[in-house]
Amino acid sequence: MQRIRLRYTKRGRLRFTSHRDFQRAFERALRRAEVPMAYSAGFTPHPKVSYANAAPTGTGSEAEYLEIQLAERRDPDKLRELLDESLPTGLDVIESVEARTSGLADRLQASVWELRLDKVAPEAAARAVEAFLAAEEVLVERRTKNGMRTFDARGAVAHLEAAGCQSDRPDGDACAILRLVVRHVTPAVRPDDVLSGLRATADLAPPVPAAVTRLAQGLLDEETGAVTDPLAPDRDAATAAPPTAAGQSAAKAPGGASPAAGDGTA
């Protein structure tokens, strides 16, 4: 058995793909790429795929993660190429590593989000951010499957800043960019919850829907606010791993002599 961890994206129109739609597309890609998947036991076996903290429907992402379990070993880079070719453009597999550590989901502690607010002046966005960060608590409401729920959006935000952007609209209207780091808490605080909090604390109400993109997710450094790559421990473990038995055998000639040494005969 071999476990492979993948990083993939949701770009362009594919940001409107639901998690269930992606699951169907990904399982078709596994079949198309002839990946030797391991399957669960029981009357209805399923390929062993573990999805971790998928982005909400309608948001773009540069950092979605999943893990697959194979029945036969494959080269991670070649597997990435085959799966990327088998998925529609926008759902792009951009990284693949062999799982050499445990707890990928546990390393997804926070996300870095970028929110583009068209028709919002950067100065207005900066004032709203200042008011939001100054509040000890920002209560927002969201409808869940169990009805309306009220929770604190401020406590989950580890970092929030506003900046201007070069608008690509022909009318040249103002545009602001929000960059925020949100801890993964329960209940989950989403970017639209932070926008609701900005509306509640500073009456910031963008006239058009925000374009939301997840830029990264991983371990959170509370001191710096940085979010680190969750696949780095697997890469480090691969670098530190000793040579395999097969590799050691190939490095030696029969009888234990080095192939480069020779036996001194003509």
Side-chain angles (χ1 to χ4, degrees), residues 6-26 50-66 84 87-95 104-105 107-120 125 128-129 132 138 140-145 149 151 153-163 165 167-169 175-200 204-220 225 227 229-231:
L6 304 172
R7 177 186 175 190
Y8 67 96
T9 71
K10 287 174 61 179
R11 296 170 173 161
R13 295 172 60 186
L14 273 299
R15 69 185 185 276
F16 297 108
T17 303
S18 71
H19 182 54
R20 183 169 295 180
D21 290 337
F22 173 77
Q23 286 179 301
R24 287 194 288 263
F26 185 69
S50 299
Y51 301 91
N53 196 42
T57 302
T59 63
S61 180
E62 294 295 313
E64 300 297 288
Y65 294 93
L66 60 82
D84 189 50
L87 284 166
T89 301
L91 298 177
D92 305 316
V93 182
I94 59 176
E95 197 167 2
L104 173 63
R107 295 201 290 269
L108 303 182
Q109 295 179 350
S111 289
V112 181
W113 295 94
E114 182 179 274
L115 284 65
R116 174 178 168 134
L117 309 180
D118 284 303
K119 300 183 181 295
V120 173
V129 166
F132 182 92
V138 179
V140 299
E141 287 188 334
R142 189 206 306 152
R143 184 174 297 281
T144 69
K145 61 182 180 181
R149 183 165 186 176
F151 54 93
R154 173 65 185 91
V157 176
H159 177 78
L160 175 60
E161 64 181 5
C165 64
S167 177
D168 54 12
R169 294 183 181 275
C175 172
I177 294 288
L178 299 182
R179 181 72 65 90
L180 61 150
V181 177
V182 181
R183 300 180 185 87
H184 298 165
V185 296
T186 303
V189 173
R190 307 184 309 201
D192 55 324
D193 298 321
V194 176
L195 286 175
S196 296
L198 292 169
R199 185 182 305 113
L204 181 70
V208 296
V212 181
T213 304
R214 173 149 59 191
L215 302 180
Q217 59 174 324
L219 288 167
L220 174 64
V227 174
D229 182 0
L231 300 184

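Being a predicted model, the structure only gives us computed values, none of them experimental. Below, each value reflects all heavy atoms present in this structure, side chains not excepted, and no hydrogens, waters or symmetry copies.
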Q.
Apply side-chain contact (heavy atoms from CB on, under 4.5 Å) to residues Leu180 and Val129 and explain how you reach the verdict.
A. CA-CA 10 Å; Leu180 61 150; Val129 166; over 6 Å; no

Q: Report the distance from atom OH of Tyr51 to atom NE2 of His19, rounding to the nearest 0.5 Å.
A: 6.5 Å

(Q) I'd like to check the side-chain hydrogen bond (donor to acceptor under 3.5 Å, both in side chains) partners of Arg190; sequence neighbours left out, ordered by chain and number. (A) Asp192

Q. Does the side chain of Arg116 come within less than 4.5 Å of Ile177's, by heavy atoms?
A. yes

Q | Residue pair Val157 / Val138, side-chain heavy-atom distance below 4.5 Å | A | no

Q: Quick one: do Val140 and Val189 satisfy side-chain contact (heavy atoms from CB on, under 4.5 Å)? Show the steps, please.
A: CA-CA 10 Å; Val140 299; Val189 173; over 6 Å; no

(Q) If you define the side chain from C-beta out and look only at heavy atoms, does anything of Pro207 sit under 4.5 Å from Val120? (A) yes

Q. Salt bridge or not for Arg7 and Glu62, using N-O below 4.0 Å?
A. no

Q) Can you tell if the side chain of Thr213 reaches within under 4.5 Å of the side chain of Trp113, non-hydrogen atoms only? A) no

Q: Work out which heavy atom in Leu220 is nearest to a heavy atom in Ala110; give both atom names and the distance.
A: CB-CB, 3.9 Å

Q: Output yes when a side-chain donor or acceptor of Arg13 lies under 3.5 Å from a complementary backbone atom of Phe16, and no otherwise.
A: no

(Q) For Leu87 versus Ala25, what's the shortest heavy-atom pair and its separation? (A) CD2-O, 3.8 Å

**Q.** Under 3.5 Å donor-acceptor, Asp193 side chain and Pro191 backbone
**A.** no

Q.
For Pro230, is there any backbone N or O sitting under 3.5 Å from a side-chain donor or acceptor partner on Arg107?
A. yes

Q) So, does Glu114 use its side chain to make a donor-acceptor pair with the main chain of Leu215 at under 3.5 Å? A) no

Q: Can you tell me which residue pairs pass the salt bridge (charged side-chain N to carboxylate O under 4.0 Å, His left out) test with a partner in residues 205-215, sequence neighbours excluded?
A: Glu64-Arg214

Q: Indicate the atoms forming the closest heavy-atom contact of Pro56 with Thr59, along with that distance.
A: O-OG1, 2.7 Å

Q.
Whether the side chain of Arg179 engages the backbone of His159 through a donor-acceptor N/O pair (distance < 3.5 Å, no angle test) should be reported.
A. no

(Q) Using side-chain heavy atoms (C-beta onward) and a distance below 4.5 Å, is Leu231 in contact with Leu104? (A) yes

Q | Distance (rounded to the nearest 0.5 Å) between Asp229 CG and Gln217 CD | A | 10.5 Å

Q.
How close do Thr144 and Arg149 get, counting heavy atoms only, and between which atoms?
A. CG2-CB, 4.1 Å

Q. Do the side chain of Lys10 and the main chain of Thr17 share a donor and acceptor less than 3.5 angstrom apart?
A. yes

Q: Using a 4.5 Å cut-off on heavy atoms from C-beta on, say whether the side chain of Leu204 contacts that of Phe132.
A: no

(Q) Would the distance check show the side chain of Asp92 and the main-chain N or O of Thr9 forming a donor-acceptor pair, the cut-off being under 3.5 Å? (A) no

**Q.** Pair Tyr8 and Phe26, ring centroids less than 6.0 Å apart
**A.** no

Q) Closest heavy-atom contact between Asp84 and Val93? A) OD1-N, 3.0 Å

Q. Does any non-hydrogen side-chain atom of Leu195 lie less than 4.5 Å from one of Leu117?
A. yes

Q.
Can you give me the closest heavy-atom contact between Ser111 and Asn53, atom names plus distance?
A. OG-ND2, 4.3 Å

